[in-house]
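One structure below.
Computed from a predicted structure; not experimentally measured.
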Amino acid sequence: MSEINLIDVEASGLHFESYPIEVGVRVSGIVQSWLIRPTHSWTHWDDAAESLHKLSRERLHLEGLPPERVARELNSLFSETDCVVYSDAAPWDDDWIKTLFAASGQKPAFVVLPITDLLDQDASGRFQRRLAQLREANHSRLHRVRADLEQLREAYRHAIESS
């Protein structure tokens, strides 16, 4: 199986004012992730989202990196690749990446596309079913980028190898 670039973003909630709090990528088989320190203008916080990802605002302020640094490191990482990353929630993840880069004053050197763009209808169905199985089996590990990226990779592998 050829490797594809994957991205996952955790956010402060599912609201138009939400913002990225953790971003992770899987590139060339290596997973990297960053906690993001909220800017002063990022104020939306959803307690229900926190109960899922278990990342508090306090932890993000203590351990998170400034958006400028995360954006710079993402761009540096993707300067060596084809500059496309795939997501199972591309509209959301792309919006949060745009929010991150807007706060950093930079432009992303990559684009976020739906992982299903790589799959035909049958494979897309297999992908969705396998991802649902993995999420059900690993419910306690969901909503952190490293675990989510591994589940995406496994579901994608299953979809293309089962054809």
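- With sequence neighbours left out, W34 forms a ring pair (Phe, Tyr, Trp, His ring centres under 6.0 Å) with no residue at all.
- With respect to the salt-bridge test (charged N to carboxylate O, under 4.0 angstrom), the residues E73 and R69 qualify.
- A search for ring pair (Phe, Tyr, Trp, His ring centres under 6.0 Å) contacts involving F101 returns F110, not counting sequence neighbours.
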Worksheet entry | V31/E150 under side-chain contact (heavy atoms from CB on, under 4.5 Å): CA gap, chis, key distance, verdict | CA-CA 9 Å; V31 174; E150 289 309 314; 3.3 Å; yes

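- Using a 4.0 Å cut-off between charged nitrogen and carboxylate oxygen, R144 and E10 do not count as a salt-bridge pair.
- Between Q32 and V27 there is no side-chain heavy-atom pair separated by less than 4.5 Å.
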Worksheet entry | Step-by-step side-chain contact (heavy atoms from CB on, under 4.5 Å) determination, I36 to L60 | CA-CA 6 Å; I36 303 166; L60 295 171; 5.9 Å; no

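- For E63, the salt bridge (charged side-chain N to carboxylate O under 4.0 Å, His left out) partners at least two apart in sequence or on another chain are R59.
- Checking side-chain atoms of E50 against main-chain N and O of S12 turns up no donor-acceptor pair under 3.5 Å.
- Both V85 and V70 are part of a single hydrophobic cluster, where members link through side-chain heavy atoms under 4.5 Å apart.
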Worksheet item: Should L77 and V25 be marked as a side-chain contact (heavy atoms from CB on, under 4.5 Å) after you check the CA-CA gap, both sets of side-chain angles, and the distance that decides it?
Response: CA-CA 10 Å; L77 181 66; V25 294; 3.3 Å; yes

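- Going from atom CG of L65 over to atom CG of L35 covers 7.5 Å, rounded to the nearest 0.5 Å.
- Closest heavy-atom contact between D93 and I7: OD2-O, 3.8 Å.
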Fill in: Full working for side-chain contact (heavy atoms from CB on, under 4.5 Å) between L6 and I4
CA-CA 6 Å; L6 297 171; I4 61 170; 3.6 Å; yes

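- With respect to the salt-bridge test (charged N to carboxylate O, under 4.0 angstrom), the residues R153 and D148 do not qualify.
- Counting all heavy atoms, side chain and backbone alike, L134 lies closest to A155 at CD1-N, 3.9 Å.
- Atom CG of L152 is separated from atom OG of S87 by 7.0 Å, given to the nearest 0.5 angstrom.
- Considering CZ of R57 and CD1 of I21, their distance stands at 10.0 Å, rounded to 0.5 Å.
- Heavy atoms only, all atoms of each residue included: L113 and A90 are closest at C-CB, 3.6 Å.
- Put simply, CG on L118 and OH on Y86 are 4.0 Å apart, with the number rounded to the nearest 0.5 Å.
- Scanning all heavy atoms of the two residues, the minimum distance from W96 to S18 falls at NE1-OG, 2.9 Å.
- Counting heavy atoms from C-beta on, the side chains of V9 and V145 never come closer than 4.5 Å.
- With sequence neighbours excluded, no residue forms a salt bridge (charged side-chain N to carboxylate O under 4.0 Å, His left out) with D95.
- Atoms CZ and CD, on F127 and E154 in that order, are 11.0 Å from each other to the nearest 0.5 Å.
- A salt bridge links R26 with E3; the closest basic N to acidic carboxylate O contact falls under 4.0 Å.
- Sorted pairs that involve residues 27-47 and meet salt bridge (charged side-chain N to carboxylate O under 4.0 Å, His left out), not counting sequence neighbours, are lacking altogether.
- The shortest side-chain heavy-atom distance between R72 and S104 does not fall under the 4.5 Å cut-off.
- In this structure Y19 satisfies the ring pair (Phe, Tyr, Trp, His ring centres under 6.0 Å) test together with W42, sequence neighbours excluded.
- Minimum heavy-atom separation, P67 to T39: CG-CG2, 3.6 Å.
- Scanning all heavy atoms of the two residues, the minimum distance from S28 to N5 falls at N-OD1, 4.2 Å.
- Under the 4.5 Å side-chain heavy-atom criterion for grouping Ile, Leu, Val, Met, Phe, Trp and Tyr, L14 is connected to I97 within one hydrophobic cluster.
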